[in-house]
Amino acid sequence: MSKNRIIMHIDTNSAFLSWQAVYDIQSGEKTDLREIPSAVGGNQADRHGIILAKSIPAKKYGIQTGEVIWQAKQKCPELVIVPPNYYLYMKCSNTLYDLMKGYSPVLQRFSIDEMFLDYTGLEPHFGDPITAAHLIKDHIHRELGFTVNIGISINKLLAKIAGDLKKPDMVHTLWPEEIPKKMWPLPVGDLFMVGRQTQKKLLDLNITTIGELANTDRKLLQMKLKSHGNLIWCYANGLDESAVHSGYFLQMKGIGNSTTIRFDVTDYRTAYKILLSLTESVAFRLRAAKSCCRVVSIEIRTSELNYYTHQCRLHNATNITNEIYRNVVLLFGEAWKGEKIRHLGVRVTDLCCDEYMQASIFDETNADKKQALDTAIDIIREKYGNTAVMRAVFADYEFAPMTGGSGAEDYPVMSSIL
DNA sequence: TCTGGGGTCCTAGGACCC
DNA sequence: TCTGGGGTCCTAGGACCC
């Protein structure tokens with residue numbers, strides 16, 4: 001047990017929107033999106049119409065992340081909505097990460113816009129934690145043009161909650177002795193890992209604040225909420241021993257792509273085309289991660305928003321596009337009940353190192369040749385873009401030959417265990 | 001007017017083995 | 001004449017995160 005850890009949580013304020021605003025201004029745009037009611041949102045015509053990030057003026061109208069765009073516009077008719085630019089966000093995220101590396105070697109990327117930094121033992125370099133946090137925050141603002149919140153405490157959980165206390169452009173501490181005053185009065189839903197469902201269950205137990213949760217009998221919570229009850233009781237009491245995992249140490253557990261389709265899909269032909277496009281990018285990312293998978297799964301969301309999945313275990317681990325796709329097609333055939341389809345997804349899990357890929361002795365499908373083909377195509381695509389080589393079914397450009405994903409820039413993102 | 005897309009972990013229940 | 005009990009693996013579904 002490390003007793004005197006100092007952990008910081010760095011969180012970009014309205015990340016997508018801030019990054020977009022900085023980019024626009026650097027490109028000569030006069031209006032700063034951060035100063036007007038604005039949001040980054042998907043395209044309604046393509047049925048991607050939700051709010052991904054909002055400005056602080058937009059927040060004052062009660063606009064929420066995840067909300068559908070037409071609802072947000074009802075709250076604020078003059079709301080300016082700009083489309084997302086994930087490539088830009090990835091670049092901004094990488095730039096922020098590179099800057100932060102100058103402050104501590106122990107740095108964990110937690111999501112595209114959040115990081116944990118272990119400041120333990122670094123006071124001789126940058127001063128006490130509060131001074132250092134201001135230094136970092138102002139450095140980011142000066143150098144990169146956007147603001148962050150920094151939370152400081154003795155573990156990741158408390159640092160994260162500290163960072164959320166008041167935004168934007170702030171440094172907060174949440175030391176253990178500050179818990180009763182700063183954390184316990186907060187609504188229980190503000191606690192990490194207490195989502196809507198858990199909140200509802202806690203309300204049945206008359207628990208509405210983090211403090212009430214902290215002072216509830218642990219056994220009772222465990223009985224009602226199983227292991228999750230134990231977890232959130234610990235969190236409510238500020239207990240978390242997890243380490244800051246630096247760099248790319250964390251290993252990916254799965255790779256998936258899914259997409260909401262512009263129209264409802266009602267036939268196999270169209271579904272196969274979309275599934276192939278998804279499989280192409282999943283398999284590409286799998287190979288880029290030098291991995292193979294042992295489990296393939298598909299997901300279907302119907303126009304009624306019902307959702308189900310189907311998966312299978314492979315005899316031999318693979319990363320061959322055609323091999324994964326063959327299983328995807330089988331799974332889809334078994335699972336689809338014929339409803340109108342709104343959304344399709346492909347995911348691979350149970351990953352292993354590609355060195356262990358073994359050709360089955362009964363495999364008459366020439367794995368070596370297929371793999372060589374995939375490798376050749378990957379190289380061309382990395383060099384000339386995703387449309388440089390594509391299958392004939394995509395030649396009409398009705399669908400992209402590869403869907404979703406962030407390519408080789410993948411890194412392990414959030415984990416529900418800090 | 002209609003709710004994205006990327007993840008992780010946990011649990012229940014069935015199959016199977018000894 | 002009456003089907004125990006423990007362990008493991010697998011799948012589907014649900015909860016959570018940003």
Side-chain angles (χ1 to χ4, degrees), chain A residues 9 11-12 14-16 40-53 64-74 83-84 86 89-90 93 109-115 156-157 160 163-164 189-202 225-232 235 242 250-262 264 278 281-282 285 294-314 331 334-335 342-351 403-407 409-418:
Chain A
H9 176 253
D11 189 355
T12 308
S14 320
F16 289 2
V40 175
N43 185 335
Q44 279 176 288
D46 290 352
R47 310 203 290 189
H48 292 238
I50 65 157
I51 303 286
L52 298 160
Q64 289 169 8
T65 305
E67 184 172 24
V68 283
I69 286 175
W70 62 266
Q71 254 172 12
K73 278 200 165 146
Q74 272 183 341
Y86 294 104
Y89 308 152
M90 193 62 79
S93 175
R109 263 177 127 148
F110 190 58
S111 73
I112 193 161
D113 66 340
E114 282 178 62
M115 283 169 222
K156 286 159 77 177
L157 176 90
K160 184 166 164 59
D164 279 334
D190 285 5
L191 188 65
F192 185 69
M193 292 305 287
V194 177
R196 280 232 289 282
Q197 299 304 315
T198 307
Q199 218 174 325
K200 235 190 289 175
K201 288 178 196 163
L202 292 176
L225 298 163
K226 307 280 161 71
S227 65
H228 193 62
N230 190 46
L231 181 79
I232 61 176
Y235 285 176
S242 66
L250 280 180
Q251 158 198 355
M252 289 263 232
K253 299 286 163 54
I255 294 172
N257 273 154
S258 62
T259 188
T260 296
I261 306 131
R262 291 191 296 276
D264 288 341
L278 292 163
S281 62
V282 167
R285 291 165 59 203
R294 290 199 191 89
V295 171
V296 174
S297 54
I298 59 148
E299 62 179 54
I300 298 173
R301 192 188 303 272
T302 69
S303 61
E304 251 89 62
L305 299 176
N306 292 319
Y307 170 88
Y308 53 95
T309 61
H310 193 39
Q311 68 182 57
C312 67
R313 181 159 286 274
L314 310 177
L331 288 167
E334 287 168 6
R342 179 191 178 87
H343 176 109
L344 283 169
V346 171
R347 160 163 295 276
V348 293
T349 49
D350 200 351
L351 306 186
T403 298
S406 32
E409 313 220 43
D410 273 325
Y411 56 86
V413 274
M414 309 118 244
S415 156
S416 48
I417 298 296
L418 289 176

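Throughout, protein chains are lettered first and strands after them, A, B, ... in sequence-line order, and every chain is numbered starting at 1.
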Please answer whether the main-chain N or O of [Y] pairs with a side-chain N or O of [X] as donor and acceptor at a distance below 3.5 Å.
| X | Y | answer |
| --- | --- | --- |
| A/N43 | A/A45 | yes |
| A/E67 | A/Q64 | yes |
| A/R47 | A/I261 | yes |
| A/H343 | A/Y307 | no |

Base, sugar-phosphate, or nothing: which does [X] touch, judged by heavy atoms less than 4.0 Å apart?
| X | answer |
| --- | --- |
| A/V194 | sugar-phosphate |
| A/G195 | sugar-phosphate |
| A/T198 | sugar-phosphate |
| A/G66 | nothing |
| A/I69 | nothing |

Nearest of [options] to any side-chain atom of [X]?
| X | options | value |
| --- | --- | --- |
| A/T259 | C/dC18, B/dG5, B/dC9 | B/dG5 |
| A/R285 | B/dT11, B/dG6, C/dC18 | B/dG6 |
| A/D113 | B/dT1, C/dC18, B/dG6 | C/dC18 |
| A/R313 | B/dG4, C/dT11, B/dG6 | C/dT11 |
| A/W70 | C/dC18, B/dC2, B/dG4 | B/dC2 |
| A/K160 | B/dG4, C/dC18, B/dG6 | C/dC18 |

Distance in angstrom units between [X] [atom1] and [N] [atom2], rounded:
| X | N | atom1 | atom2 | result |
| --- | --- | --- | --- | --- |
| A/I50 | B/dG5 | CD1 | P | 8 Å |
| A/N257 | B/dG7 | CG | P | 7 Å |
| A/E114 | B/dG7 | CD | P | 17 Å |
| A/Q71 | B/dT1 | CD | P | 13 Å |
| A/I255 | B/dG7 | CD1 | C1' | 11 Å |
| A/I51 | B/dT1 | CD1 | C1' | 14 Å |
| A/F110 | B/dG7 | CZ | P | 15 Å |
| A/R301 | B/dC2 | CZ | P | 16 Å |

Self-check item: Side-chain heavy atoms of A/V296 within contact of A/L331, under 4.5 Å
Solution: yes

Quiz item: Is any side-chain heavy atom of A/T198 closer than 4.5 Å to a side-chain heavy atom of A/L191?
Solution: no

Practice problem: Can you tell me, in whole Å, how much space there is between the P of B/dC2 and that of C/dC18? | Solution: 29 Å

Quiz item: Mind checking the P distance from B/dT1 to C/dC17? Whole angstroms is fine.
Solution: 32 Å

Practice problem: Mind running a 4.0 Å heavy-atom check of residues 302-312 of chain A against DNA chain C and sending the residues that fall below it, in number order? | Solution: A/Y308, A/T309, A/H310, A/Q311, A/C312

Can you check nucleotides 12-17 of chain B for protein contacts, nitrogen or oxygen pairs under 3.5 Å, and list what you find?
{"residue": "B/dA12", "atom": "OP1", "partner": "A/K226", "partner atom": "NZ", "Å": "2.8"}

Exercise. For A/L225 and for A/T349, find the nucleotide of DNA chain B with the closest heavy atom, then tell me which residue's nucleotide is more 5'.
Key: A/T349

Hey, does the side chain of [X] come within less than 4.0 Å of [N]'s phosphate (OP1/OP2), counting only N and O?
| X | N | answer |
| --- | --- | --- |
| A/H343 | B/dG4 | no |
| A/S111 | B/dG6 | no |
| A/T260 | B/dG5 | yes |
| A/S227 | B/dC9 | no |
| A/K253 | B/dC9 | yes |

Exercise. Return the orientation label for the A/Y89 and A/F16 ring planes: parallel under 30°, perpendicular over 60°, tilted otherwise.
Key: parallel

Spatial distance of atom [atom1] ([X]) from atom [atom2] ([Y]) [nearest 0.5 Å]:
| X | Y | atom1 | atom2 | result |
| --- | --- | --- | --- | --- |
| A/L225 | A/L202 | CG | CG | 6.0 Å |
| A/K253 | A/D350 | NZ | CG | 11.0 Å |
| A/Q199 | A/D190 | CD | CG | 8.5 Å |
| A/E299 | A/R347 | CD | CZ | 7.5 Å |

Self-check item: Side chains of A/R109 and A/S93, donor plus acceptor under 3.5 Å
Solution: yes

Quiz item: Using purine N1 to pyrimidine N3 plus N6-O4 or O6-N4 for Watson-Crick, or N1-O2 and O6-N3 for G-U wobble, both under 3.5 Å, which nucleotide pairs with B/dC18?
Solution: C/dG5

